[in-house]
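Since the structure is predicted, the reported quantities are computational estimates derived from the model, not experimental observations.
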Amino acid sequence: MTLTESPRPTAGPDRAGRREWTVLGVLMLPLLLVSMDVSVLYFAIPSIAADLRPGATQQLWILDMYGFVLAGLLVTMGALGDRFGRRRLLLGGAALFGVASGFAAYAHSAGALIGARGLLGVAGACLMPSTLALIRTLFQDPAQRAKAVTLWTTVMASGISLGPVVSGALLEHFWWGSVFLINLPAMLLLLVLGPLLLPESRPAAAGARFDVLSAVLSLVALLPLIHGVKELAKDGWAPVPALGVTFGLLLALVFVRRQKRLAHPMVDLGLVRTPAYGGSLLANLLAMAATVGFAVFLTQYLQSVLGQSPLEAALWSLVPTGGVVVAAPLAAMLAGRADRAYVMAGGFLVAAAGFGWLTTIERATPFWVVLVASALYAAGLVSAMTLANELALGAAPPERAGSATAVLEAGQELGGALGMAVLGSIGAAVYTATMPASAPAGARETLGGALGGSPAVLDAARTAFVDAMAGAAVGAALLALLAAGATLRLLRRRT
C-alpha cells in the first residue's frame, strides 16, 4: 500500500455484504407474488364465473382454497425446512408455484382451478417461512437483520394491497389467466439465481426423524379452526362452523401434548413460552386481528357507500400503504436507540389513535379524513409487526428459524380470522340496531341486501353501515390498546 492510499475498512465477520443484500432482493419478488395471490382474484372472479360457470360453493372455494391450504401447512413446511434445508424447500416451492400457476391459468373447469389453487397454497407454504428463515441465516448482525425484516414485512403487506390493483390492470387487456402467469418470470428467476446465491441451512437435529403425525395434526387442527372462524364471521352462528372450531381446538390441544413428549418436536414449546418470542407472537396476532378485521369494512365503505368502482377502491386503498413505507423504517431506527417494547407500544398507540379518529366518521365526513386515519392505523400496526417479527426471529435459534417463523405466520392467519369474527360481529350488531325496523329483512342484515332496494332504504343502509364501521373502529382501537399493554408487559428489556 502506498502512502497516498487509505486503509480499506474491514467488515466484521457477522455483517452481511453485497451478496447477502442481493439475495434478499431476489427473495422479495416471490414473496410479493405469494402475498398478492391472497387477493389477486378479487377482480378476476366475474370473468372466471363467466368462463368456467362455477357453482356458488365452487366460487367460494376458488377464492378461499389458497389461503386455507397456505395457513394449514405453514407449520409443517417450516419444520420441513429446518429438517431438510430451507434453500431446498424454497426452490421446490418456487418450482411448484410456477407449475401450479400454469395449471391455474389454463384451467378448463372450476374443479381444476380449485385444485390448482390448492397446489399454489402448498407452494406458498413452502416459500413464506423459508424466505423469513433465510433472513435469520443471512443477517447475523441485529441492526442489519432489523432492516431486512422491515423490508420483508413491508413487501408482504404491500403484496396483499397490490393484488386487486394488478389483477384489475391485467384484466383491462388480457384474459383472467394472466393474473397467474405473472408468477412465472419471478419463480424462474428464483430457480436460476437461488442455487448460485442462497446458502443452505444445516438440519436442526442431525438424524432426527420428521414426525408425520404431528404434521397431520397441525394441518387438521388449523384448517377447520380458521375456516370455522371465518364462516362464523361471515354468516353468523351456525352449528357446522362452530363444530369445526371446537374440533380444531381439541386437535390443537392434542398437538401441543404430543410436542411436549417428543425429543425433537415440530414446534419448540419452550421457545413459545419465552417472553421475547411468545410476546411477539401475541403482538402479531392482535395486530393482524385489527388489520384484517377492519379492512373488510374499509373496502365495502369505498365501494358501497362512496360508490367507487372496484379498481378505484383498490387504488385508493393503496394510499394508507404510504404511511407504512415511511413508518416501518422509522420504527426500526428508533428500536436501535431505545427499548423496542416502547417503540412497538408507540406503534400500537398510533394505530389506536387512527382507529379512534375513524370512530367519529359520518356520511358527511370528508374522504381525506378516512384516508389519513387509515394511514395512521396502518403505519402503527405494520411498524409494530415489523419489530415483533424481528424480535421473534432473533429469539429463535438459527437451526429452528423455519418452524419459528412458520408458527409466527400461522398466528397471523389465525389473528386475521379472529379479527373478522370479532369486529364483524360488532359491526353487524351496530348495523342491525341502526337500521329502521320498517326496512326489508335483507336490508336490515347487510348493506349488500339493501343495494337493490328503494333510494330511501339504500340511504338508511349506507348511514347504518358508516355507524357500523365506526363501531368496528372502536373494537379495533381496543385491540390496539390491548396489544400496547401486552407489549409493555412482556417485551420490555427483551433483546
Side-chain angles (χ1 to χ4, degrees), residues 142-158 274-295 298 319-360 369-395 408 411-412 415-416 419 423 472-495:
Q144 289 185 319
R145 187 168 62 240
K147 293 178 182 178
V149 173
T150 298
L151 180 61
W152 187 93
T153 308
T154 304
V155 168
M156 185 184 68
S158 301
T274 61
Y277 184 86
S280 299
L281 183 65
L282 177 61
N284 252 336
L285 186 148
L286 292 172
M288 282 299 292
T291 302
V292 176
F294 193 77
L298 184 60
V319 173
T321 308
V324 173
V325 173
V326 173
L330 178 62
M333 181 189 70
L334 291 174
R337 302 180 179 181
D339 190 322
R340 76 186 61 213
Y342 292 109
V343 182
M344 289 174 63
F348 283 122
L349 291 177
V350 169
F355 286 125
W357 197 357
L358 287 168
T359 64
T360 66
V369 171
V370 177
L371 289 178
V372 173
S374 299
L376 267 181
Y377 86 70
L381 289 176
V382 176
S383 298
M385 288 176 64
T386 299
L387 296 178
N389 284 332
E390 196 276 324
L391 181 59
L393 197 59
L408 201 65
Q412 291 175 0
L423 301 188
V474 172
L478 292 175
L479 285 174
L481 292 173
L482 176 62
T487 297
L488 290 175
R489 175 69 179 83
L490 297 172
L491 299 180
R492 275 185 297 177
R493 296 181 295 277
R494 306 292 176 184
T495 59

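Nearest heavy atom pair, residue Leu281 against residue Gly411, reads CD1-CA, 4.5 Å. When all heavy atoms of Leu491 and Asp339 are compared, the pair lying nearest together is O-OD1, 4.0 Å.
Every side chain to side chain contact (heavy atoms under 4.5 Å, CB included) that Val474 has, sequence neighbours left out, goes to Thr359, Leu478. With sequence neighbours excluded, no residue satisfies ring pair (Phe, Tyr, Trp, His ring centres under 6.0 Å) with Phe348. Applying the side chain to side chain contact (heavy atoms under 4.5 Å, CB included) test to Thr360 and every residue at least two apart in sequence or in another chain returns Trp357. Remark: Phe355 engages Phe294, Tyr377 in a ring pair (Phe, Tyr, Trp, His ring centres under 6.0 Å) (not counting sequence neighbours). For Ala289, the side chain to side chain contact (heavy atoms under 4.5 Å, CB included) partners are Leu479, not counting sequence neighbours. In this view, Leu282 and Leu286, Ala486, Leu490 satisfy the side chain to side chain contact (heavy atoms under 4.5 Å, CB included) rule, not counting sequence neighbours.
In this structure, the side chains of Ser374 and Val319 stay at 4.5 Å or more apart for every pair of heavy atoms. Leu481 places a side-chain heavy atom less than 4.5 Å from the side chain of Leu349.
Tested against Ser280, the residues Leu391, Thr274, Leu285 include a single side chain to side chain contact (heavy atoms under 4.5 Å, CB included) partner, Leu391.
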Cut-off 3.5 Å, no hydrogens considered: what does the side-chain donor-acceptor table look like for residues 382-390, sequence neighbours left out?
residue: Ser383; atom: OG; partner: Ala327; partner atom: O; Å: 3.4
residue: Ser383; atom: OG; partner: Ala379; partner atom: O; Å: 2.6
residue: Thr386; atom: OG1; partner: Val382; partner atom: O; Å: 2.8
residue: Asn389; atom: OD1; partner: Asn284; partner atom: ND2; Å: 2.8
residue: Asn389; atom: ND2; partner: Thr153; partner atom: OG1; Å: 3.2
residue: Asn389; atom: ND2; partner: Met385; partner atom: O; Å: 3.3
residue: Glu390; atom: OE1; partner: Arg340; partner atom: NH1; Å: 2.3

For this session: Apply the test side-chain contact (heavy atoms from CB on, under 4.5 Å) to residues Leu298 and Val370: give CA-CA distance (whole Å), side-chain angles for both, the deciding distance (0.1 Å), then the verdict.
Result: CA-CA 9 Å; Leu298 184 60; Val370 177; 3.9 Å; yes
